[in-house]
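Worksheet for the structure shown next.
Reminder, nothing fancy here: chain letters follow the sequence lines and each chain counts from 1.
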Amino acid sequence: MNSLQFILICFISLVAISACSQPPKEGFYQSGIMYCSESNPANFNPQLDTSSTTSDASSHQIYDRLLDFDADSGRIIPSLASSWKVSDDGLTYTFQLRRNVPFHTTDYFTPSRPMNADDVIFSLNRWRLPQHPFHQVSGGRYPYFESLGLADNIRQIERINGYRVKITLSQRDSSFLANLATDFSVILSFEYAEALLREAAPERLDHYPIGTGPYKFESYRKDHHIRYVTHTEHWKALSQAPRLIYDITPKSSLRLAKLITGECDAIAFPAQTELDIIRDREELELAKKPGLNIGFWAFNTRRPPFDNPDVRRALAYAIDKNTLLEAVYFDSATRARSLLPAASWAYQADAEDTAYNPAVARQLLKKAGIEPGFTMTIWAMPIERAYNPNAAKMAELMQRYLADVGIVVNIVTYDWTTFRKHLREGLHDSVLIGWSADNGDPDNFYRPLLSCGAIPSGTNRAMWCNEKYDALINEALQTEDLAKRKAIYQRVNNLLFDELPLVPIAHAFRYRAYRKELKGMQINPYGGIRFGGVTKKL
Amino acid sequence: MIRILLRYIILFVLTLLVLAGLSFSLAYLFPGDVLANLTGITAQNEMQRAALAQQFHLDSGYIVQFYHYLKNLLTGNWGYSFISGMPLSEEVRLALPATIELATYAMLLAIVIGIPVGCYAGLRSYTAADYTINSASMIGYSFPVFWLALLFILMFSLEWNIAPLSGRISLLFEVPPKTGFILIDILFADNINRLLAFRDALHHLMLPTLAISVISIASMVRITRRSVIEVKNKPFVAAARTRGLSQGQIFYRHILRNALLPILPLMAIQITTLITNAMIVETLFSWPGIGNWLIQAIYQRDYPALRIGMLAVAFMVVTLTILIDLFNRVIDPSREKYERVAV
């Protein structure tokens with residue numbers, strides 16, 4: 001026996017061993033769903049963040065809400081609240097809670113009682129009351145609720161008995177139920193919060209979450225993965241995969257590659273350029289729904305000369321939206337005329353819209369005293385979203401259009417967290433960004449995007465504050481009559497066309513790509529991804 | 001020998017000092033707050049800031065600061081990552097073994113394939129078989145490693161779906177990173193089907209290892225071939241032949257041993273190239289090694305991580321290089337110094 005032969009034999013036997021041993025693998029590989037997500041969640045409490053990454057990772061997996069949207073009809077359906085009653089004046093809402101809904105039992109918390117009214121009151125009061133012991137924990141910002149001014153409108157929350165809660169509003173709000181059904185209105189565990197207060201570690205509430213949802217949080221490693229295990233006692237008793245894993249993959253091409261090789265069962269945000277590849281492959285499924293979103297170009301109306309509506313109009317005339325649609329969205333979006341997409345009931349098909357006209361743009365600019373060679377910045381958001389899959393490319397195209405009318409554009413971008421921070425501080429001239437609505441109500445577009453109250457919470461990217469606008473959108477909430485509300489929103493659209501704090505660009509379709517092995521996947525047009533009730537059959 | 005050892009140790013320490021100095025100066029050269037760059041902690045209030053500044057002696061001169069920086073380095077206090085908030089020592093401890101593991105398997109593959117093929121080509125020198133192997137190895141050697149890795153992904157993963165393209169093991173397996181070497185960690189892990197996990201890990205290892213090892217195999221073939229040819233023409237081989245020994249006896253007893261002796265140090269020198277290649281390939285296969293980690297740190301402007309990452313990689317390469325030099329001295333003291341490998 002000599003060395004060469006020995007090495008050869010070793011090598012051959014190694015190959016043989018790895019080829020011959022065939023343990024049962026299907027059973028194991030279908031025990032977990034792998035979802036390739038696009039980024040790290042900021043935390044595991046969607047109350048604290050409007051980013052869809054955060055709500056995808058927690059809202060429908062870890063938590064339940066009082067109410068839910070039906071994924072098909074968009075109607076509000078019972079969830080943790082088994083029924084509810086609205087008083088005739090529209091100011092009092094009484095919720096009957098479901099009984100025997102257990103919270104998650106994990107290695108960091110064991111609940112002693114099922115969900116009851118205390119948990120609901122705790123969850124709402126946390127963002128509602130500034131003096132609440134948990135209000136300041138994890139930053140004390142609740143952007144969704146702040147942007148809607150919801151806290152100010154709730155006058156009182158009462159516990160009638162262990163399973164009944166009464167909420168009194170100070171003003172009628174016809175979108176109130178819809179707001180309670182959004183990704184952000186999750187129900188936390190009061191018992192867990194109290195235990196954390198005793199341990200003096202309240203911030204764990206948002207990082208080691210306890211909820212009632214279909215999956216329990218297990219572990220999270222930043223830039224790597226999030227692990228969940230199924231919550232076997234979930235009140236809906238869904239049959240679903242025992243494990244759920246989020247594989248954090250920021251690159252869209254890599255997500256697609258992993259979907260093709262089967263390393264992911266579903267992926268977040270397939271890029272528009274890749275949709276055809278997905279359609280061509282038999283083993284992949286591409287589901288499409290009209291999205292409740294808008295991509296837009298917002299001007300910082302607090303900075304001169306963008307405080308002048310004529311300048312904003314000139315810039316709007318200088319760009320060709322149709323070209324942007326073709327070059328950036330590849331037929332996966334429709335042209336936006338106002339804030340609302342066609343999927344909304346208040347959509348106005350004949351809303352006025354700016355057309356491409358560089359001659360008018362030059363005239364307007366001259367009138368406003370803007371000299372050729374004027375320099376401005378366009379901030380392009382660094383990540384892909386359905387409403388703007390490639391902001392950098394769009395900014396480059398716009399750079400060329402604006403050069404035609406004598407404006408020099410510098411494109412600015414930062415990583416996502418810094419980007420949003422600087423935007424909130426108002427350091428931009430203009431920004432390419434967008435908004436995904438969280439429920440089907442038009443108020444969910446108009447209020448967060450342009451109302452005065454939404455400036456501090458950082459969703460009003462135009463920093464635009466107009467009393468007439470605020471009065472109109474408030475008026476729209478005073479009535480339950482859809483036709484009346486629709487008429488008011490048309491007046492709002494006219495006002496927006498006159499003022500043009502932002503240029504609406506596109507409403508994108510929502511795509512979700514997954515492998516055919518996943519059974520029970522549903523696209524939820526009103527918010528984050530849902531894995532409850534999804535199984536995998538190889 | 002002791003003098004040589006001493007010389008190496010002094011060289012080692014001096015090089016590391018220069019590297020540490022470089023990494024220390026990075027804290028000043030990177031944009032942003034020096035204290036934050038050093039510690040990775042953005043001070044929330046003045047008190048915390050003062051305490052941190054005290055710990056790093058920021059109010060003293062650069063020399064004193066450097067001294068305390070060294071002290072912190074030696075005690076494992078490397079600061080925290082801006083992005084993940086984890087201690088950097090912990091992150092490096094997890095990332096570095098992944099790279100070493102990949103490089104080791106690639107090296108093994110290079111030896112197992114490269115040496116026999118090289119011997120074969122050497123023995124049959126200047127025949128058709130030799131020319132084929134020689135040109136194949138030349139082609140293999142000229143492939144840019146990242147291009148090859150992409151090609152592998154395209155062919156084996158996306159077209160034929162033979163091998164997965166990212167990570168070390170399917171995330172369905174919960175393997176706690178104890179040693180950082182995946183195959184060893186599997187042995188330590190509980191609650192998993194080890195055989196299945198092992199297969200899965202090998203599956204994941206396949207493409208990156210192949211991609212890295214192609215170049216190493218090619219150079220191994222060329223080194224071995226040349227060495228064998230050299231030995232084959234030595235008088236003692238001719239003598240053996242005249243004594244009437246069989247081909248096999250001549251090869252195993254005389255050629256192989258004498259040919260392998262000069263290969264060993266050349267092979268060792270390859271290790272650093274291998275690690276560099278491994279770092280490049282990692283980013284393509286999302287392999288959680290030090291190369292991938294550094295690239296992420298660059299993307300996210302994680303200055304403390306860059307500072308430590310650079311130091312850790314440089315430390316590893318310097319240590320390996322010096323150890324290899326020393327090793328070469330030990331196995332063959334007759335030579336003053338080995339030249340860099342020429343293929």
| By a 4.5 Å heavy-atom criterion (distance strictly below it), what part of B/F198 contacts chain A: side chain, backbone, both, or neither? | neither

| said: Would you say CZ of B/R301 has more than 12 non-hydrogen atoms from neighbouring residues, nucleotides or ligands within 6.0 angstrom? | reply: no

| Once you round to the nearest 0.5 Å, how far does CG of B/L94 lie from NE2 of A/H224? | 8.5 Å

| request: Kindly write out the residues that satisfy side-chain contact (heavy atoms from CB on, under 4.5 Å) with B/I162, not counting sequence neighbours, or none if the list is empty. | output: B/F156, B/W160, B/M206

| Neighbour count above 12 (heavy atom, 6.0 Å) for A/K251 NZ | no

| said: Other residues, nucleotides and ligands only: do more than 12 of their heavy atoms fall within 6.0 Å of OH on A/Y108? | reply: yes

| field | Contact check, side chains of B/L165 and A/L254, non-hydrogen atoms, under 4.5 Å | value | yes

| message | Sub-4.5 Å heavy-atom contacts with chain A: which residues of residues 288-297 of chain B show up? | response | B/P288

| field | A/D415 versus chain B, the contacting section by heavy-atom distance below 4.5 Å | value | neither

| field | Over 12 foreign heavy atoms within 6.0 Å of OH, B/Y80 | value | no

| query | What is the distance from atom CD of A/E263 to atom CG of B/L172, rounded to the nearest 0.5 Å? | reply | 11.0 Å

| message | Please classify the contact of A/I245 with chain B as side chain, backbone, both or neither, using a heavy-atom distance under 4.5 Å. | response | side chain

| task | Applying side-chain contact (heavy atoms from CB on, under 4.5 Å), name anything that partners A/S37, two or more places apart in sequence or on another chain. | result | A/Y35, A/Y246, A/I248

| remark: When rounded to the nearest 0.5 Å, the distance separating CG of B/L171 from CD1 of A/I226 is 11.0 Å

| task | Write out all pairs satisfying salt bridge (charged side-chain N to carboxylate O under 4.0 Å, His left out) with one or both partners inside residues 168-192 of chain B, taking only residues at least two apart or from two chains. | result | B/E101-B/R168

